[in-house]
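To start, the structure under review is shown below, and the notes come after it.
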Amino acid sequence: MTAGRRGRRLPRRFYRRDPRVVAPELLNKVLVAGRRAGRIVEVEAYCGAEDPGSHAFRGPTARNATMFGPAGGLYVYFTYGMHWCANAVCGDEGVGVAVLLRALAPLRGLEEMRAARLAARRDRDLCSGPAKLCQAFGLDRSFDGADLVTADRGITVVDDGVDPPPAPATSVRIGLSAGADLPWRWYVPGDPHVSRLAPPPLRSPGAASPSGFQG
DNA sequence: ACCGGGATGTTCT
DNA sequence: GAACATCCCGGTG
């Protein structure tokens with residue numbers, strides 16, 4: 001068949017670059033897992049040994065091993081005792097860099113997502129956070145190390161013809177202590193499925209008031 | 001709308 | 001023992 005309306009998978013060379021380049025290009029691509037699909041609207045870059053906020057900052061461990069594997073791998077980790085988060089591994093093998101998938105706009109398989117996300121009162125809350133989207137898609141440890149390029153375990157990222165936003169919104173990353181000042185978050189301006197407009201206000205004397213915009 | 005706190009357990013010091 | 005790339009609920013305005 002043709003590539004079709006579901007789009008075509010991203011080649012390995014797409015991932016095999018600096019995560020700060022890959023991240024904004026992942027915006028408006030589509031994450032597909034089984035019958036569920038969602039458009040990527042928010043991402044963050046994690047930059048390995050040069051990034052104190054990255055799990056890979058102190059080198060390989062059992063937990064972060066996937067980050068040091070081939071580009072296009074899916075790094076799924078467990079945090080806060082109950083949540084899973086998913087990243088697309090980037091760069092050269094052995095480097096330990098990745099892009100965190102932070103929010104999606106649900107496209108297909110909404111019934112399954114609702115069943116997996118009983119706490120979500122509105123559809124816009126199904127995938128509006130890194131752990132929410134993993135819960136909605138049923139992503140857990142069993143998906144760690146899946147290859148997005150070959151749709152290993154049924155999960156992949158496709159391009160369905162929608163370009164990334166020409167002027168993506170940027171901010172510092174959400175929820176970090178180390179590396180909190182690095183502006184490596186990108187999102188689709190105005191999209192209601194983004195997790196938050198701006199990170200929790202870090203109050204400092206004389207700081208300018210944040211100027212977020214979104215309908 | 002905007003807070004504040006609790007849940008929950010793996011990973012690393 | 002502390003930290004943690006989070007989420008949800010219940011308070012208050």
Side-chain angles (χ1 to χ4, degrees), chain A residues 18-20 22-24 26-27 31 38 40-68 73-91 95-104 106 113-145 169-187 192-203 209-215:
Chain A
D18 189 292
R20 289 159 293 193
V22 175
L26 275 172
L27 293 176
L31 179 70
I40 298 169
V41 297
E42 178 184 348
V43 293
E44 285 174 353
Y46 286 86
C47 300
E50 70 171 275
D51 179 4
S54 170
H55 289 170
F57 184 58
R58 294 169 205 283
T61 65
R63 180 205 207 187
N64 66 21
T66 297
M67 277 189 91
F68 291 86
L74 188 72
Y75 168 47
V76 182
Y77 68 88
F78 185 68
T79 191
Y80 288 104
M82 63 192 94
H83 296 305
W84 299 94
C85 296
N87 300 251
V89 175
C90 297
V95 174
V97 295
V99 172
L100 173 67
L101 305 178
R102 280 201 58 93
L104 312 175
M113 295 186 200
R114 293 183 193 115
R117 292 263 311 127
L118 298 179
R121 308 189 89 268
R122 306 166 301 177
D123 286 350
R124 72 196 300 181
D125 298 321
L126 287 173
C127 302
S128 60
K132 293 178 188 178
L133 73 88
C134 282
Q135 190 175 27
F137 276 66
L139 304 183
D140 60 18
R141 172 132 292 172
S142 70
F143 284 82
D144 183 43
T170 65
S171 83
V172 296
R173 297 172 294 181
I174 306 282
L176 301 194
S177 53
D181 54 326
L182 298 168
W184 291 343
R185 174 177 179 246
W186 290 263
Y187 59 98
H193 306 91
V194 164
S195 67
R196 4 198 125 155
L197 288 183
L202 190 63
R203 61 176 200 281
S209 63
S211 67
F213 90 92
Q214 178 166 325

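What you see is a predicted model; the values in this text were computed from it and never measured. The sequence lines fix the lettering, A, B, ..., with proteins before strands; numbering per chain opens at 1. Heavy-atom basis, side chains included; hydrogens, waters and symmetry copies ignored.
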(request) Tell me what A:Gly53 touches on the nucleic acid: a base, only sugar-phosphate, or nothing, going by heavy atoms under 4.0 Å. (result) base
(message) Taking side chain to side chain contact (heavy atoms under 4.5 Å, CB included) as the definition, give me every residue that meets it alongside A:Ala116, ordered by chain and number, with sequence neighbours left out.
(response) A:Arg36
(message) Checking A:Ala136 now: which residues fulfil side chain to side chain contact (heavy atoms under 4.5 Å, CB included) with it, not counting sequence neighbours?
(response) A:Met113, A:Arg117, A:Cys127
(request) For A:Phe68 and A:Gly59, work out which heavy atoms get closest and say how close. (result) CZ-C, 3.7 Å
(request) Output all residues satisfying side chain to side chain contact (heavy atoms under 4.5 Å, CB included) with A:Pro19, sequence neighbours left out; order by chain, then residue number. (result) A:Ala45, A:Cys47, A:Cys90, A:Val97, A:Val99
(request) Take A:Ser177 and A:Ala120, find for each the nucleotide of DNA chain C with the closest heavy atom, and name the residue whose nucleotide sits nearer the 5' end. (result) A:Ser177
(message) Could you spell out the base pairing of DNA chain C as a dot-bracket line? Use Watson-Crick and G-U wobble contacts where both distances are under 3.5 Å, [ ] for crossing pairs, | for partners on a different strand.
(response) ||||.|||||||.
(request) Output every pair passing salt bridge (Lys or Arg N to Asp or Glu O under 4.0 Å) with a member in residues 132-144 of chain A, not counting sequence neighbours, ordered by first then second residue. (result) none
(message) Looking at every non-hydrogen atom in both residues, tell me the closest pair between A:Glu44 and A:Arg173 and how far apart they are.
(response) OE2-CA, 3.3 Å
(request) Identify the two heavy atoms, one from A:Tyr187 and one from A:Leu197, that lie closest to each other, and give their separation to 0.1 Å. (result) OH-O, 2.8 Å
(message) Using side-chain heavy atoms (C-beta onward) and a distance below 4.5 Å, is A:Leu101 in contact with A:Pro130?
(response) no
(message) Of all nucleotides in DNA chain C that come within under 4.0 Å of a heavy atom of chain A, which is furthest toward the 5' end and which toward the 3' end?
(response) C:dC4 to C:dC8
(message) Could you work out, with side-chain hydrogen bond (donor to acceptor under 3.5 Å, both in side chains) as the rule, every residue matching A:Arg122, not counting sequence neighbours?
(response) A:Asp125
(message) Please give the distance between the P atoms of B:dC3 and C:dA5 as a whole number of Å.
(response) 23 Å
(request) Look at the side chain of A:Glu42 and the backbone N and O of A:Gly129, then say whether any donor-acceptor pair between them is shorter than 3.5 Å. (result) no
(message) Under the rule for side-chain hydrogen bond (donor to acceptor under 3.5 Å, both in side chains), what residues qualify as partners of A:Arg20, not counting sequence neighbours?
(response) A:Asp18, A:Glu50
(request) Taking all heavy atoms of A:Ala180 and all of A:Val172, pick out the closest pair and write down the distance. (result) O-CB, 3.3 Å
(request) Kindly state each residue pair satisfying side chain to side chain donor-acceptor pair (under 3.5 Å) with at least one member in residues 52-64 of chain A, sequence neighbours excluded. (result) A:His55-A:Tyr75, A:Thr61-A:Asn64
(request) Under 4.0 Å from any atom of DNA chain C, heavy atoms only: list the residues of residues 95-103 of chain A that qualify, in numerical order. (result) A:Leu100, A:Arg102
(message) Side chains of A:Trp184 and A:Leu176, heavy atoms from C-beta outward: is any pair under 4.5 Å?
(response) no
(request) Give, ordered by number, those residues of residues 136-145 of chain A having at least one heavy-atom distance below 4.0 Å to an atom of DNA chain B; if nothing qualifies, reply none. (result) A:Arg141
(message) Working to the nearest 0.5 angstrom, can you tell me the gap between A:Leu139 CG and A:Leu133 CG?
(response) 7.0 Å
(request) Give, ordered by number, those residues of residues 75-84 of chain A having at least one heavy-atom distance below 4.0 Å to an atom of DNA chain C; if nothing qualifies, reply none. (result) A:Tyr77, A:Tyr80, A:His83
